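Structure first, then comments.
Nothing here was measured: the structure is a model prediction, and the numbers come from that model.
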Amino acid sequence: MCRLSCDLYSLTMVQGYWKNSHNPQVVFDTFFRLAPFEGGFTIFAGLASFFEELAAFRFQDEDLRYLHSLGLFQKDFLDYLQHFSFKGDIYSVKEGEVIFPREPIMRIHGTLIETQLIEALLLNTINFQTLIATKCARMYIASQGGTLVEFGLRRAQGLDGALSASRACYIGGASATSHVEAGRQYGIPLQGTMAHSWIMAFANEQQAFERYAALYPDRSTFLLDTYDSLGSGIEAAIAVGKRLQQSGKRIGVRLDSGDIQYLSMRVRERLDQAGLTDARIVVSNELDEMIIHQLVSSQAPIDVWGVGTKMVTGSPDAALSGVYKLAAKEQNGTFVPVMKFSDNPEKSSNPGVKQIYRYYSREGVPAADLIALTQERVTQEEPRIFYHPSLDYRHFFYKPQGEIRQLLTCYMRQGQLAVELPSLEHIRATTLHNLAHFDDSYLRIINPHIYKVSITEALRKCKKQLVPSTKRIGS
């Protein structure tokens with residue numbers, strides 16, 4: 001890892017806290033303000049990666065020498081950093097959870113110094129992987145649970161971004177990756193086809209396909225569009241495919257340009273006419289959820305979606321709007337809530353130490369999320385008023401119908417993992433399970449219904465008490 005993975009202002013502030021012996025216990029929240037891609041949901045990802053990086057977060061001698069060269073930091077402070085490691089507690093929703101704006105998806109307990117130092121590392125890891133997992137989940141939904149293969153290595157934002165993206169795509173619903181290092185590190189299944197250069201390196205397509213099939217008879221997917229998809233490309237694929245069929249093998253063909261809807265239909269006809277009814281059609285070329293949605297709606301006969309650029313870069317959104325805000329600080333032995341104010345109510349934070357409760361219908365479908373102070377008693381029998389989190393007039397009454405589940409769990413206590421982290425395969429299964437149990441209206445690719453995230457009456461009162469009188473709603 002990059003051991004100086006923190007912002008300069010974190011170090012300058014921390015030196016100030018250290019110099020003034022101001023290092024109380026505090027609580028920070030991580031949340032985001034807006035669902036990406038104008039969507040109705042977000043998939044939480046990156047938690048295990050963050051814990052791995054946090055365990056290695058130490059200042060080495062060369063790091064301290066560099067910091068000393070900046071002329072900003074005192075030697076005694078740098079000596080203090082030499083012995084730094086995070087010793088706090090971390091509560092989080094689980095990876096693969098469906099999350100929504102303004103919810104405290106992670107809660108960090110510790111001293112002011114240690115919680116401030118890990119801010120950038122946390123946000124960098126969680127924001128990126130959550131963005132990419134969400135993008136992939138949208139494509140998975142658009143494909144109606146189809147087979148997605150991540151092809152994004154060459155277009156990703158550097159090798160570290162590519163590796164994180166491959167992990168996040170798998171969490172979001174991709175079935176495999178072409179990224180070999182991601183397969184090695186994370187155990188993600190590997191899939192790949194061939195490049196146009198393979199075909200161009202031989203005399204013609206049939207020779208190229210024959211040579212490939214001789215090497216990989218069980219993994220032969222032939223690229224059709226090097227010269228003529230509906231001419232020499234499909235003809236050569238059929239010729240080689242029929243020979244492989246005699247030995248019990250099946251082929252795949254890939255389309256990487258042109259009118260994918262039209263070409264896939266014509267190719268399917270040709271394959272079926274040749275008796276290759278089990279041959280798979282793979283498509284690629286700048287796919288995103290909108291294109292996939294349109295192709296599925298048009299009943300294009302596509303078996304596998306090879307997605308690269310748009311998935312691993314989170315196009316068109318550059319980043320998730322995740323932030324890290326102080327929510328409480330110790331004063332005379334107890335935590336006192338604090339909050340950020342703003343002339344824009346949507347940018348104000350929610351104060352205090354909080355928990356998220358997810359309310360389910362009788363049928364087991366999530367109905368609404370409620371943000372509450374941890375000292376509040378939330379029961380299944382009790383009807384509640386759900387208030388809009390931005391202190392406006394909107395509210396509704398809700399009587400619990402089914403299960404109520406806490407979303408924040410203690411993952412780290414005193415700097416040590418408190419639970420065993422699940423496998424990546426398990427996290428992916430969690431995502432797909434959660435998506436299957438949400439109402440489709442919240443998962444729509446276009447114009448989704450807005451899922452209700454609210455605050456309790458006690459949290460609303462706490463917030464109103466902290467807002468200066470000149471900023472209070474209705475004052």
Side-chain angles (χ1 to χ4, degrees), residues 9-10 13 16-17 20 22-35 42 91 93 99-112 115-116 119 122-123 127 320-359 368-378 382-398 406-408 450-475:
Y9 79 172
S10 293
M13 287 190 296
Y17 299 146
N20 290 281
H22 183 63
N23 194 25
Q25 293 288 320
V26 297
V27 177
F28 273 88
D29 286 342
T30 301
F31 61 94
F32 63 100
R33 297 191 174 108
L34 187 68
T42 306
Y91 293 75
V93 302
I99 53 174
F100 299 96
R102 304 187 66 81
E103 296 180 329
I105 54 177
M106 294 183 71
R107 204 175 75 213
I108 317 300
H109 295 236
T111 65
L112 183 55
T115 53
Q116 193 75 73
E119 174 184 5
L122 185 152
L123 290 178
N127 281 345
L320 184 75
S321 57
V323 295
Y324 186 81
K325 298 298 179 185
L326 187 64
K329 60 183 179 182
E330 185 185 31
Q331 185 174 306
N332 298 324
T334 187
F335 278 117
V336 175
V338 296
M339 67 177 287
K340 174 189 179 294
F341 306 120
S342 175
D343 291 330
N344 178 0
E346 293 293 334
K347 293 197 71 172
S348 297
S349 62
N350 286 312
V353 185
K354 300 173 292 295
Q355 176 62 267
I356 313 168
Y357 294 90
R358 179 154 292 168
Y359 285 68
D369 286 4
L370 184 66
I371 306 171
L373 297 169
T374 53
Q375 64 264 32
E376 291 188 72
R377 182 172 173 266
V378 176
E382 180 184 2
R384 277 191 174 271
I385 303 177
F386 283 49
Y387 288 96
H388 192 279
S390 294
L391 280 184
D392 69 13
Y393 64 90
R394 284 174 285 179
H395 64 276
F396 65 97
F397 291 88
Y398 185 80
Q406 292 186 11
L407 297 190
L408 290 170
I450 303 303
Y451 185 81
K452 288 183 171 61
V453 175
S454 306
I455 60 176
T456 61
E457 185 173 8
L459 179 52
R460 185 171 187 264
K461 287 180 179 178
C462 175
K463 193 170 183 177
K464 288 182 71 174
Q465 289 169 357
L466 291 173
V467 175
S469 59
T470 55
K471 292 182 178 288
R472 286 182 185 162
I473 304 297
S475 62

Looking at every non-hydrogen atom in both residues, tell me the closest pair between [X] and [Y] and how far apart they are.
X	Y	answer
Phe335	Gln25	CE2-O, 3.6 Å
Ser349	Lys340	OG-N, 2.8 Å
Pro101	Val453	O-CG1, 4.0 Å

Query raised in the report: Can you check side chain to side chain contact (heavy atoms under 4.5 Å, CB included) on Val353 and Leu373, steps first, answer last?
Result: CA-CA 6 Å; Val353 185; Leu373 297 169; over 6 Å; no
Can you name the residues that form a side-chain contact (heavy atoms from CB on, under 4.5 Å) with [X], not counting sequence neighbours?
X	answer
Gln406	Gln355, Tyr357
Thr42	Phe32, Ala35, Pro36, Ile99, Thr130, Thr134, Leu320
Ile450	none
Ile356	Val93, Glu103, Pro104, Asp369, Leu407, Leu408

Side chains of [X] and [Y], heavy atoms from C-beta outward: is any pair under 4.5 Å?
X	Y	result
His395	His388	no
Tyr324	Met106	no
Thr374	Lys354	no
Val378	Tyr359	yes
Val323	Thr30	no
Val338	Pro351	no
Val27	Ile108	no
Thr115	Glu119	no

Report summary line: Taken in chain and number order and not counting sequence neighbours, the residues that satisfy salt bridge (charged side-chain N to carboxylate O under 4.0 Å, His left out) with Arg33 are none
**Report entry** Residues forming a salt bridge (charged side-chain N to carboxylate O under 4.0 Å, His left out) with Glu330, sequence neighbours excluded
**Finding:** none
**Report entry** Ring centres under 6.0 angstrom apart (Phe28, His109)
**Finding:** no
Requested in this report: Using atom types as modelled and distance alone, determine if a side-chain donor or acceptor of Ser321 lies under 3.5 Å from a backbone N or O of Leu34.
Outcome: yes
Once rounded to the nearest 0.5 Å, what's the spacing between atom [atom1] of [X] and atom [atom2] of [Y]?
X	Y	atom1	atom2	answer
Asn350	Asp29	CG	CG	8.0 Å
Thr111	Gln116	OG1	CD	10.5 Å
Phe31	Lys325	CZ	NZ	6.5 Å
Lys461	Thr456	NZ	OG1	10.0 Å
Arg384	Ser454	CZ	OG	11.5 Å
Leu326	Met339	CG	CE	12.0 Å

Requested in this report: For the pair Phe386 and Tyr398, name the ring-plane relationship: parallel under 30°, tilted 30 to 60°, perpendicular over 60°.
Outcome: perpendicular
Report task. Using a cut-off of 6.0 Å, state whether more than 12 heavy atoms not belonging to Lys329 lie near its atom NZ. Result -> no
